[in-house]
Amino acid sequence: MPSPVSDVAARQIRAQQVRQLYEQAPLGVAANLFVAPILVLVLWDTLPRTVLAVWVLLLAAATLIRLALTAAFQRHADPDADIEGWVSRYTWAGATNGACWGGCVVLLALSPSPVYDAFIALILGGVLMGSALTLSPVLTACVAYALPVGLPPVLWLLLRDDPVRVAMGAAGIFYLLLVLGTAWYFHRTLARSLRLAAENLSLAQSFATARAETEETNRQLADQQAALRDSVAAMRELYQVISTPRRHASDRIQALLAMGCQRFDMAIGILCHVEGERHEVAYTVAPDGVINQGDVLNLADTYCRDTLRAGTLLSFEHASAGPWRQHPCYQKFGLETYLGVPVRVGEQVYGTLSFSAFTPRSVPFTPVDRELIQLMAQWVGGALEQERMAETAQRQQTLLAHASRLNTLGEMASALAHEVNQPITAINLYAEAGLTRVRNDALGPAEARETLEKIIAQSTRAKAIIQRIRQFARQGKPHYITVRLNDVFTDIMDFLNLEARRHQIELRYDIAPELPLVRADALQVQQVLLNLVGNAMDAINASPGPEARTLAISARAEPAGVEIAIQDSGPGLAPDVHDQLLHPFFTTKPDGLGLGLPISQSIIEAHGGRLWATPNARHGVTFHFTLPIASAAAPPEGVAVALSLDTA
Ligand code: ADP
């Protein structure tokens with residue numbers, strides 16, 4: 001297995017060994033300076049003093065060189081840069097010092113007795129041991145010192161004739177080897193411990209790095225998790241607002257602004273419509289009196305102008321702390337915080353959706369905030385577009401419904417003329433009878449009053465019929481109110497009865513007495529009924545066979561709403577007709593428009609109901625439609641506008 005200690009670490013270990021060598025150098029120098037004078041003093045009276053003086057001076061010089069070198073190393077700013085240079089310098093200085101001690105061989109040669117020999121050998125042995133202790137960090141320095149110290153005296157002793165001196169020489173060889181072995185052992189132990197320390201350091205560093213990395217990753221993960229949670233919460237809020245079933249997009253836009261104000265912690269939410277330099281507040285949520293729906297501002301006085309110019313999201317948290325304080329919007333209204341985006345409807349820029357506050361924001365807007373307002377703007381753009389399309393469709397449907405009503409009136413013109421004619425004829429008769437009696441002087445005041453009252457009643461009746469026909473023919477938007485269906489039927493019944501009589505059709509009713517209230521436009525419901533009854537009568541008239549000519553109208557409450565059915569005994573629907581029934585302009589009648597059923601269907605669907613046809617068991621077809629029940633609490637807001645042909 002490769003060592004985890006890299007080259008760099010190996011160099012560091014070597015540098016530490018060399019530093020230790022230099023750190024221990026003063027100890028060796030001190031030992032030299034202590035031992036050498038003792039040797040000289042002991043031998044002063046025994047050996048030639050000149051020799052001793054020269055020797056001690058040489059040794060002192062070599063020792064001082066070592067000391068100076070040590071001082072230079074310790075003062076050097078970056079000794080590690082030339083570590084091997086310092087090793088070789090110290091090795092040479094040590095070798096010189098060692099050679100001086102090895103020069104003691106001269107003292108041995110001059111020694112007068114074995115006692116002095118032994119004393120000199122003892123001193124040299126101590127010096128050798130000292131070298132093993134102080135120079136072992138760098139083995140070459142130790143060997144370079146120890147060999148010159150030990151070898152010359154040992155060799156000299158071994159070469160003597162005296163067995164004691166030879167024995168001392170042999171012991172010297174042994175000590176020399178022992179010193180070198182010990183130095184090698186110390187060196188290896190030190191190297192190992194330094195290596196271990198380096199490995200530990202490296203491991204500790206790796207561990208610390210890994211820990212820091214893990215902590216950083218955990219922090220990032222926690223941040224991402226928080227952002228994710230935040231974005232899920234934001235999406236949920238947005239979804240709740242836009243998915244709540246409400247009739248009008250405007251309610252949802254209003255709810256969206258309220259949600260944005262709460263989420264971004266801002267006091268004001270505005271959806272503005274911009275045309276040229278005109279900034280109109282289309283929807284707003286704001287503290288009382290600050291800004292209202294319909295307020296018109298100069299675009300240049302708003303941050304919206306900058307949002308529209310940028311064509312993308314614009315935001316700042318503290319206007320007065322930067323260049324925004326020069327903006328007219330800040331100068332006039334003091335808005336400190338702003339977050340806004342352009343809103344597009346289709347390809348066109350509609351205006352902006354923005355949230356603002358009078359106080360600076362302590363925390364910056366998050367990426368989730370930015371993403372959320374963009375989504376809100378997209379949704380608002382879609383909702384406005386849908387609203388526009390729905391308005392266009394509604395306008396077209398109103399026009400078509402009107403055309404269809406006029407058509408129905410045209411089809412029923414003769415019946416209507418007949419009905420209008422009835423009171424007029426009656427008026428005529430009453431007037432003529434009255435006139436005759438006046439001519440005969442037979443009209444007393446009581447009879448005259450009675451005759452006039454009858455004429456007034458008949459003319460009121462005629463007026464009511466004409467008014468209702470005009471109302472039926474009027475063009476207007478649907479008006480949904482809570483309606484009592486029983487009244488709708490009652491009001492239309494006379495007219496239907498008359499038509500049935502005219503076509504010699506037996507008309508039956510099966511209408512539950514207390515139908516639940518429905519939310520509807522009574523005129524439109526009547527229009528649907530007239531369409532379906534008219535079609536049924538046409539079908540019965542077109543029936544070739546001698547079957548009974550019957551038409552049944554029923555109405556009953558079902559869980560889904562009130563279900564109304566018109567059943568006829570006509571020829572029924574051929575399969576190809578059934579598939580195309582609801583297609584606009586599909587007709588099988590020579591003078592038909594093919595609009596009655598599609599318009600009836602769109603009217604019923606606009607009410608939230610459904611229109612469909614089923615074949616009868618024997619002859620004919622039944623058309624059904626439903627109307628949702630109005631909430632139980634809602635009182636009836638009006639009664640049906642009737643196409644009534646009151647026969648009273
Ligand atoms: P129009 O009455 O002008 O033809 P509608 O949309 O009301 O237009 O009806 C479309 C077609 O559906 C009719 O032409 C007819 O063929 C068929 N239809 C409608 N009602 C009935 C019915 N009760 N019985 C048979 N066919 C019918």
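If you read the sequence from its start, that first residue is 1, and numbering goes on from there. Order of appearance sets the numbers: ligands from 1, and atoms from 1 within every ligand. This structure is a prediction, so every number in the text was calculated from the model and none was measured.
Between H607 and Y480, the angle of the ring planes goes over 60°, which puts this pair in the perpendicular group of the 30/60° scheme. The aromatic rings of H273 and Y350 lie parallel to each other, their planes meeting at an angle below 30°, with 60° marking the opposite boundary.
Short contacts between ligand 1 and F623, defined as distances under 4.0 Å to a heavy atom of the residue, involve ligand atoms 20 (N), 21 (C), 22 (C), 23 (N). The atoms of ligand 1 that sit less than 4.0 Å from any heavy atom of G596 are 5 (P), 6 (O), 7 (O), 8 (O). Of all atoms in ligand 1, numbered sequentially from 1 with element shown, those under 4.0 Å from a heavy atom of L593 are 3 (O). Contact atoms of ligand 1 toward G592: 3 (O) (distance under 4.0 Å to a heavy atom of the residue).
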Take D230 and R263 through the test salt bridge (charged side-chain N to carboxylate O under 4.0 Å, His left out) and record every step on the way to the result.
CA-CA 11 Å; D230 193 29; R263 159 122 207 136; 2.6 Å; yes
Go through L435 and E432 one step at a time and tell me if the side-chain contact (heavy atoms from CB on, under 4.5 Å) criterion holds.
CA-CA 5 Å; L435 193 63; E432 275 178 9; 5.6 Å; no
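Within 6.0 Å of atom CE in M235, more than 12 heavy atoms from other residues, nucleotides or ligands are found, so the atom counts as buried in its surroundings. Within 6.0 Å of CZ in R388 there are 12 or fewer heavy atoms belonging to other residues, nucleotides or ligands.
Between atom 6 (O) of ligand 1 and the options L597, V621, V577, the minimum heavy-atom separation is to L597. One option in N535, D538, L532 has a heavy atom closer to atom 7 (O) of ligand 1 than any other, and that option is N535. Of the candidates L551, L582, L573, T588, it is T588 that places a heavy atom closest to atom 16 (O) of ligand 1.
Within the structure, ligand 1 has G572 among the residues with a heavy atom less than 4.0 angstrom away. Within the structure, ligand 1 lacks N531 among the residues with a heavy atom less than 4.0 angstrom away. Proximity of G570 to ligand 1 is not established, as no heavy-atom distance is less than 4.0 Å. Contact between P598 and ligand 1 is present, with at least one heavy atom of the residue lying under 4.0 Å from the ligand.
Judged purely by atom type and a 3.5 angstrom limit, N616 has no side-chain atom pairing as donor or acceptor with the backbone of R618.
Side-chain N/O atoms of N428 and T425 include no donor and acceptor closer than 3.5 Å.
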